[in-house]
Amino acid sequence: MGGGLNRAAGTPAVPAQEASTPPGRRPGMMDVARLAGVSHQTVSRVINRPESVRPATLAKVRDAINQLGYRPNMAARALVTDSTRMIGVVTTGSHFQGPASTTAAIEVAARQVGYATLVTALKRDERDAEKEIREAFDFLIARGVDGIIAVAPQTWIATSTERVARAVPLVVVADGLAPSERIHVVSVDQELGARMAVGHLLGLGRETVAHLAGPQDWYDALARARGWRIGLEDAGHEAPPMLVGDWSAECGYEAGTEMVARGLPEAVFCANDLMALGMLAALRDQGVRVPEDIAVVGFDDTPGTAFFSPPLTTVRQPFDELGVLCMEVLLRAIDGEAGATHSISPTLRVRRSSC
């Protein structure tokens with residue numbers, strides 16, 4: 001009983017040990033080797049080049065790794081592979097649906113392909129923007145990230161990012177920024193989404209479609225306003241004066257109250273769902289029926305929009321797909337591919353606020 005040796009062909013015989021390590025010390029590669037009865041070089045190959053290890057040995061080592069709860073030392077691994085398997089994410093506007101959902105989707109997509117993410121957030125202020133973005137890049141580069149994704153919804157962020165871009169693969173999430181040799185641009189097609197919303201409303205016979213736009217220093221707001229105007233012009237309709245908001249429900253409520261006082265259009269396209277929520281509340285308080293008196297469409301398909309009163313028609317942004325696309329493009333950039341524009345399409349979710 002006991003005392004036997006586990007032997008793997010082509011590896012030194014190492015006595016198998018119990019699945020334990022001294023208290024207070026995290027398990028290391030040698031602990032895995034002892035438990036699996038293989039050499040530490042074999043464990044290293046399993047971690048870094050599993051395709052070079054025989055299936056039986058691979059299974060034995062992975063079983064030992066699971067028993068011990070061993071996790072590779074990423075710093076040591078980086079010395080061997082010249083890769084930290086870590087990306088940096090620079091973001092701002094994290095309290096808004098779009099940037100927050102995009103950042104979360106990138107983190108999930110990165111983990112699915114074996115990368116960790118290091119996120120650094122910028123202040124929501126364009127003063128000293130270039131200095132702050134340079135510091136954010138320096139922070140990430142100093143930690144050896146393999147590449148950086150900048151979630152840059154505001155024009156000043158993307159412009160500053162382009163000016164301070166370093167010799168590191170870079171992807172910028174911004175609809176409207178031109179790519180360069182070193183910068184890939186990824187986005188959901190905001191203009192297309194706006195045109196879909198306008199086309200839906202015109203198709204219902206709504207002749208006048210107003211627009212409550214987002215802040216005009218945001219790429220998404222500019223693209224949605226552009227899509228609204230193009231959608232009307234292509235159909236032979238004149239664009240009425242545009243209202244400009246700040247993405248908040250409070251702003252939507254004020255705009256709705258003003259709209260009732262000035263005279264209702266037949267439909268309104270709000271540049272995000274929160275402003276549409278405020279708009280619906282204002283119309284309800286003024287005794288205006290939706291959609292009988294006016295149709296309302298939002299943008300984002302924020303969780304809960306199906307339970308607005310009435311349920312809100314909105315343009316859905318596929319954030320999960322956007323995160324996957326960001327990682328796919330960054331990996332191609334890491335492999336040396338030159339910068340280009342990459343875009344995916346949104347979809348329209350029709351609910352009772354417009355029909």
Side-chain angles (χ1 to χ4, degrees), residues 82-84 86-93 98-99 102-103 105-107 109-110 113 115 117-193 215-227 317 319 321-346:
D82 196 29
S83 170
T84 60
M86 181 167 62
I87 65 162
V89 179
V90 178
T91 184
T92 188
T102 301
T103 301
I106 291 168
E107 291 185 281
V113 293
Y115 277 79
T117 52
L118 180 59
V119 179
T120 182
L122 304 175
K123 295 180 293 186
R124 298 188 297 274
D125 190 347
E126 61 182 295
R127 290 173 296 181
D128 297 324
E130 189 168 336
K131 176 176 179 292
E132 186 181 6
I133 292 174
R134 184 183 296 112
E135 289 173 351
F137 271 63
D138 288 344
F139 173 82
L140 295 171
I141 292 170
R143 281 150 183 81
V145 296
D146 293 341
I148 293 175
I149 300 175
V151 181
Q154 289 160 283
T155 54
W156 61 266
I157 300 169
T159 302
S160 297
T161 298
E162 188 170 23
R163 285 200 296 265
V164 301
R166 303 294 183 87
V168 61
L170 176 63
V171 171
V172 179
V173 184
D175 186 5
L177 180 70
S180 66
E181 180 66 24
R182 293 186 298 172
I183 297 179
H184 287 260
V185 177
V186 173
S187 70
V188 175
D189 192 333
Q190 308 292 321
E191 182 181 307
L192 173 61
Q216 296 299 283
D217 64 343
W218 283 62
Y219 279 112
D220 289 355
L222 293 172
R224 292 170 197 176
R226 185 169 59 248
Q317 298 201 70
F319 291 113
E321 293 177 35
L322 182 62
V324 170
L325 179 61
C326 284
M327 276 307 302
E328 289 177 351
V329 171
L330 182 61
L331 292 177
R332 297 209 296 267
I334 290 172
D335 286 340
E337 185 175 299
T341 297
H342 314 264
S343 182
I344 54 178
S345 300

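Ile183 CD1 to Thr341 OG1: the interatomic distance, rounded to the nearest 0.5 Å, is 11.0 Å. To the nearest 0.5 Å, atom CG of residue Leu122 and atom OG1 of residue Thr91 are 7.5 Å apart. Within the model, atoms OG1 of Thr92 and CD1 of Ile133 stand 9.0 Å from one another, a figure rounded to the nearest 0.5 Å. In this structure, OG on Ser160 lies 11.0 Å from CD on Gln154, to the nearest 0.5 angstrom. Note that CG of Leu170 and CZ of Phe137 are 4.5 Å apart. Values are rounded to the nearest 0.5 Å. Separation of atoms CD (Gln317) and CG (Asp189) is listed at 10.5 Å; rounding is to 0.5 Å.
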- Task: Check the pair Leu140 / Leu118 against side chain to side chain contact (heavy atoms under 4.5 Å, CB included), numbers first and verdict last.
- Result: CA-CA 7 Å; Leu140 295 171; Leu118 180 59; 3.8 Å; yes
- Query: Do Leu222 and Thr155 pass the side chain to side chain contact (heavy atoms under 4.5 Å, CB included) test, and can you show the C-alpha distance, the side-chain angles, and the key distance before you say yes or no?
  - Reply: CA-CA 10 Å; Leu222 293 172; Thr155 54; 4.1 Å; yes
- Task: Would you please test Thr161 and Leu177 for side chain to side chain contact (heavy atoms under 4.5 Å, CB included) and show each step?
- Result: CA-CA 11 Å; Thr161 298; Leu177 180 70; over 6 Å; no
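Side-chain contact check for Asp146 versus Pro169: every heavy-atom pair is 4.5 Å or farther apart.
For the residue pair Met86 and Arg143, the shortest heavy atom distance occurs at CE-O, 3.3 Å. Shortest non-hydrogen contact noted between Thr159 and Tyr219 is OG1-OH, 4.3 Å. Considering all non-hydrogen atoms of both residues, Ala338 and Glu181 come closest at CB-OE2, 3.6 Å. Annotation for Pro346 and Leu192: closest pair CD-CD2, 4.0 Å, computed over non-hydrogen atoms. Taking both residues in full, the closest heavy atoms of Trp218 and Pro99 are given as CZ3-CG, 4.1 Å, listed atom of the first, atom of the second, then distance. Contact detail for Ala174 and Val185: the closest heavy-atom pair is O-CG1, 3.1 Å.
Taking the salt bridge (Lys or Arg N to Asp or Glu O under 4.0 Å) definition, one finds that Glu135 meets it with Lys131, sequence neighbours left out.
Checked against His184 for a side-chain contact (heavy atoms from CB on, under 4.5 Å), the options Leu330, Val171, Val172 give a single hit: Val171. Among Val186, Thr117, Val113, the single residue meeting the side-chain contact (heavy atoms from CB on, under 4.5 Å) criterion with Met327 is Val113.
Side chain of Gln190 to backbone of Val188: a donor-acceptor contact under 3.5 angstrom is found.
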